[in-house]
Amino acid sequence: MMKFAWDNYKRYAFGKNELRPLTKNGHIGNMFGGLRGATIVDALDTLYIMELGEEFREAKSWVEKSFDLNVNGEASLFEVNIRYVGGLLTTYYLTGEEVFKNKALELGEKLLPAFNTPTGIPRGVINLGSGMSWSWGWASAGSSILAEFGTLHLEFLHLTELSGNPVFTEKVMNIRKVLNRIEKPQGLYPNFLSPVTGNWVQHHVSVGGLGDSFYEYLIKSWLMSDKRDTDAKKMYNDALEAIEKHLVKKSAGGLTYIAEWRGGILDHKMGHLACFSGGMIALGAEQAAEEKKQHYLDLAAEITHTCHESYARSDTKLGPEAFRFDSGTEAMATRLSERYYILRPEVVESYMYMWRLTHDPKYRQWGWEVVKALEKYCRVEAGFSGIRDVYTTTPNHDNMQQSFFLAETLKYLYLLFCDDDVLSLEDWVFNTEAHPLPVNHTNFKAKASMQ
């Protein structure tokens, strides 16, 4: 599958950001501010791990010869960080090839002006040429988004480690300081924060899109620090406790799900993006106090089971973008606008963690169901495409092979069937784009703070 996705990208869209497999051409889009080759940078480590040597060399050669960072255009700070910076850092750590480190550091420098705000909370959009930054037009009242400014920590610590420049670590430590200082409604973190005042802009809380990877990076910061970053651990524990108290619900049919919270009113829906949380909670359970360990493993298994149900209850055996638990419907999308599947990884990501942490064979079975469904409904003549409605077996394709399909979905599926020592969870922490970063077994956090 990886080779098929890569070969078609190479044939029809090489150097563009993503392949449009139906029209057999490339897509550039406006998320990456003029940067190109998103699929190449996102796929590098997957190609390497899968030992697709020739394909990896093609990708590396493009990075060396054609990857231009001198671009003008509005880029998502978050997307450039997780896909490009993350992908380059990982490939450097896997191969030791300097070109990847140098590109990562050069790109990291270009992201720094986004932090020039009164609070140091970065704005979401940055022009990589001019350094101008602003907030997303759709984000309420010029706010920054929790999942965006909260998902820089892992990469920025490694940028400091590789450059010796403490500025990257200082920027993300300051974000944490702001978040610690501010009042949390019921212990929950709302999704929108003003980079000017440092106050929450509205009380919408979600473990799905807009919030998701902030929580993931708390537990992973602690793991990546070789369990020395106790602040991150405490923030994670407190946040998970609040989530469990206020957002975790059980449906009439016995399915455990995480609802969304709007100023105290619950919206009983769960997004596909929130399905990463089974894996996160299982990863955190390993580290919990003895008496809570089993509790969290059970919670993780229940949430992962619910996400599996969202797949099992669809005609294609692929899950919708969001599914609801109201008016008698459970784990299904009720509105047309939520029935699509865009090759997202979060459900198989949780299968991979649950397999590694429990070795219950059902997780491999569930993963194989996804493989078969992808082959049947998403594979087209020239690549893989998302589908517009998971509840019909005559698929309407969306003509997009997302870069994260190669970076995440296929990587997690592959790892689900690998031995545990391939990218062992003891030694690697996956960024939110599935780019593994090494656990710091030598104490570089102390080094960074002493400089």
Side-chain angles (χ1 to χ4, degrees), residues 1 4-5 18-22 206-209 212 251 253 255-260 267-279 302-352 354 362-413 416 434:
M1 291 165 82
F4 184 71
E18 288 165 315
L19 164 68
R20 288 195 173 277
L22 272 71
S206 168
V207 179
D212 50 12
S251 72
L255 297 177
T256 301
Y257 63 97
I258 306 181
E260 308 207 339
D267 185 6
H268 295 272
K269 80 164 203 193
M270 189 168 173
H272 192 291
L273 289 164
C275 282
F276 84 96
S277 59
E302 287 172 30
I303 291 170
T304 306
H305 169 72
T306 298
C307 291
H308 173 256
E309 284 299 307
S310 79
Y311 277 51
R313 295 179 188 194
S314 91
D315 303 22
T316 55
K317 303 299 175 219
L318 293 166
E321 179 67 6
F323 45 93
R324 298 187 174 263
F325 298 88
D326 40 30
S327 64
T329 308
E330 297 200 351
M332 291 184 70
T334 49
R335 41 196 87 174
L336 208 55
S337 62
E338 294 173 344
R339 291 172 158 219
Y340 61 88
Y341 171 71
I342 57 171
L343 308 174
R344 287 204 191 276
E346 291 76 21
V347 172
V348 297
E349 173 182 349
S350 284
Y351 295 168
M352 192 277 295
M354 294 306 297
K362 76 180 177 195
Y363 296 113
R364 281 185 163 173
Q365 273 167 296
W366 292 356
W368 195 247
E369 289 167 14
V370 177
V371 169
K372 289 191 297 196
L374 286 167
E375 285 283 290
K376 188 166 179 185
Y377 297 109
C378 299
R379 185 182 181 122
V380 293
E381 187 199 338
F384 287 89
S385 167
I387 55 178
R388 295 188 203 278
D389 184 354
V390 297
Y391 301 109
T392 169
T393 51
T394 46
N396 183 353
H397 293 103
D398 68 7
N399 196 25
M400 183 66 86
Q401 180 175 282
Q402 304 280 348
S403 83
F404 54 67
F405 179 66
L406 294 85
E408 303 186 70
T409 313
L410 293 178
K411 186 185 288 121
Y412 285 132
L413 281 167
L416 173 61

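This one's a predicted model, so the numbers in the text were calculated from it and none came from an experiment.
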Practice problem: Applying side chain to side chain contact (heavy atoms under 4.5 Å, CB included), run through H268 and Y257 and close with a yes or a no. | Solution: CA-CA 8 Å; H268 295 272; Y257 63 97; 2.6 Å; yes
Exercise. Would you check, one step at a time, whether the test side chain to side chain contact (heavy atoms under 4.5 Å, CB included) holds for F276 with V207?
Key: CA-CA 9 Å; F276 84 96; V207 179; 4.0 Å; yes
Practice problem: Apply side chain to side chain contact (heavy atoms under 4.5 Å, CB included) to the pair D212 and S206, showing each step before the final yes or no. | Solution: CA-CA 7 Å; D212 50 12; S206 168; over 6 Å; no
Practice problem: Could you walk me through whether M1 and E375 pass side chain to side chain contact (heavy atoms under 4.5 Å, CB included), step by step? | Solution: CA-CA 8 Å; M1 291 165 82; E375 285 283 290; 3.1 Å; yes
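Nearest heavy atom pair, residue P21 against residue A382, reads CB-O, 3.3 Å. The two residues S251 and E330 come nearest to each other via the heavy atoms OG-OE1, 2.9 Å. Summarising the geometry of C307 relative to S310, their closest heavy-atom pair is O-OG, 2.7 Å, with the distance given to 0.1 Å. Scanning both residues, F323 and T306, for their nearest heavy atoms gives CE1-CG2, 4.1 Å. Among all heavy-atom pairs drawn from F4 and V380, the shortest one is CZ-O, 3.3 Å. Of all non-hydrogen atoms in L273 and G209, the two that sit nearest each other are CD1-CA, 3.7 Å.
Proximity of T316 to P395: side-chain heavy atoms (C-beta onward) are nowhere separated by under 4.5 Å. Residues L416 and V348 have side chains not in contact (no heavy-atom distance under 4.5 Å, counting atoms from C-beta outward). Counting only heavy atoms from C-beta outward, the side chains of I342 and M400 never approach each other to under 4.5 Å. The shortest distance between side-chain heavy atoms of V347 and V370 does not fall below 4.5 Å.
With values rounded to the nearest 0.5 angstrom, I387 atom CD1 is found 7.0 Å from H397 atom NE2. The distance from the CG atom of D267 to the CZ atom of R324 is 5.0 Å, given to the nearest 0.5 Å. Rounded to the nearest 0.5 Å, atoms CD (Q401) and CZ (R20) are 12.0 Å apart. Distance CE/M332 to OG/S314: 7.5 Å, rounded to 0.5 Å. For the atom pair CD of E346 and OG1 of T304, the computed distance is 12.5 Å after rounding to the nearest 0.5 Å. A distance of 8.5 Å separates CG in D398 from CG in L22, rounded to the nearest 0.5 Å.
Geometrically, R364 does not engage Y351 in a cation-pi contact defined by less than 6.0 Å to the ring centre and at most 45° from the axis.
E309 contributes no side-chain N or O that, together with a main-chain N or O of A331, makes up a donor-acceptor pair within less than 3.5 Å. One N or O on the side chain of K411 and one on the backbone of A407 form a donor-acceptor pair closer than 3.5 Å. Side-chain atoms of K317 never come within 3.5 Å of backbone atoms of Y311 as a donor-acceptor pair (strictly under, hydrogens ignored).
Classification of R344 and E321 as a salt-bridged pair holds, one side-chain N sitting under 4.0 Å from a carboxylate O.
A ring pair (Phe, Tyr, Trp, His ring centres under 6.0 Å) with F384 is found for exactly one of Y341, F404, F405, Y377, namely F405. If you run side-chain hydrogen bond (donor to acceptor under 3.5 Å, both in side chains) between R339 and each of D389, T392, T334, only D389 comes through.
In this model, a donor atom of one side chain and an acceptor atom of the other lie less than 3.5 Å apart for E369 and H308. Checking H272 against Y340 by side-chain atom types alone, no donor-acceptor pair falls below 3.5 Å.
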